[in-house]
Amino acid sequence: MSQPAPLTLHLYNENNEITKTCTRTFVPWKMLKKGVRLHKQLGSKSPEEYEETDIDELTGYIMSVFDGQDLTIEMLDEQSDITEMITVIRSVVNRARGIMDPTLPPKA
């Protein structure tokens, strides 16, 4: 079985240049539970409807996914892109969905 593509999150400076790239190939099982909950919670909302607590939960989740990669809340607050943050959650959920759904073709 091939390794899935790593989860990736870029941090940007004020000139929209990438200053840091965080990656993670191995995703612990516990991240699925949290990812599914956040995906349901945030997936039905547009970004304009996000509450401050939604953003705090998303930030905490991303910190957990990329644990040990020298990230801080301030870095995510100032340098992350919302599209990439949401993509990380969706990627965790979709990765698990592909593994758990026997009707999907195996990955090459």
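Computed from a predicted structure; not experimentally measured.
- Residues satisfying the side chain to side chain contact (heavy atoms under 4.5 Å, CB included) test with S44, not counting sequence neighbours, are none.
- Of all non-hydrogen atoms in V93 and L32, the two that sit nearest each other are CA-CD1, 4.4 Å.
- Atom CD1 in I62 sits 10.0 Å away from atom CD in E84 (nearest 0.5 Å).
- Partners of E17 under the side chain to side chain donor-acceptor pair (under 3.5 Å) rule, at least two apart in sequence or in another chain, are N13.
- Side chain of Q41 to main chain of D54: no donor-acceptor pair is present (N/O by atom type, distance under 3.5 Å, no hydrogens or angles).
- Scanning for side chain to side chain contact (heavy atoms under 4.5 Å, CB included) contacts around P28 gives R24, F26, K30, M31, with sequence neighbours left out.
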query = What's the verdict on side-chain contact (heavy atoms from CB on, under 4.5 Å) for I89 and V65, showing C-alpha distance, side-chain angles and the deciding distance?
reply = CA-CA 9 Å; I89 294 174; V65 168; over 6 Å; no
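- Taking the salt bridge (charged side-chain N to carboxylate O under 4.0 Å, His left out) definition, one finds that K20 meets it with nothing, sequence neighbours left out.
- A pairwise comparison of heavy atoms in A5 and R95 identifies O-NH2, 2.6 Å as the closest pair.
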Per-pair distances, 0.1 Å, donor-acceptor, side chain in residues 66-79, under 3.5 Å, sequence neighbours excluded:
from	atom 1	to	atom 2	distance (Å)
Q69	OE1	T23	N	3.2
Q69	NE2	T23	O	2.4
T72	OG1	M75	N	3.0

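- Expressed to the nearest 0.5 Å, how far NE2 of H10 lies from SG of C22 amounts to 9.5 Å.
- With sequence neighbours left out, E52 forms a side chain to side chain contact (heavy atoms under 4.5 Å, CB included) with D56.
- Between the side chains of T53 and E51, no donor-acceptor pair of N or O atoms lies under 3.5 Å.
- Residue Y12 shares its hydrophobic cluster (ILVMFWY side chains chained together at separations under 4.5 Å) with I18.
- T83 pairs by the side chain to side chain contact (heavy atoms under 4.5 Å, CB included) definition with D81, T87, not counting sequence neighbours.
- A heavy-atom distance below 4.5 Å is found between the side chains of T8 and T21.
- When the side chain to side chain donor-acceptor pair (under 3.5 Å) test is applied to S64, no partner is found at least two apart in sequence or on another chain.
- Partners of R90 according to the side chain to side chain donor-acceptor pair (under 3.5 Å) rule, which considers only residues two or more places apart in sequence or in another chain, do not exist here.
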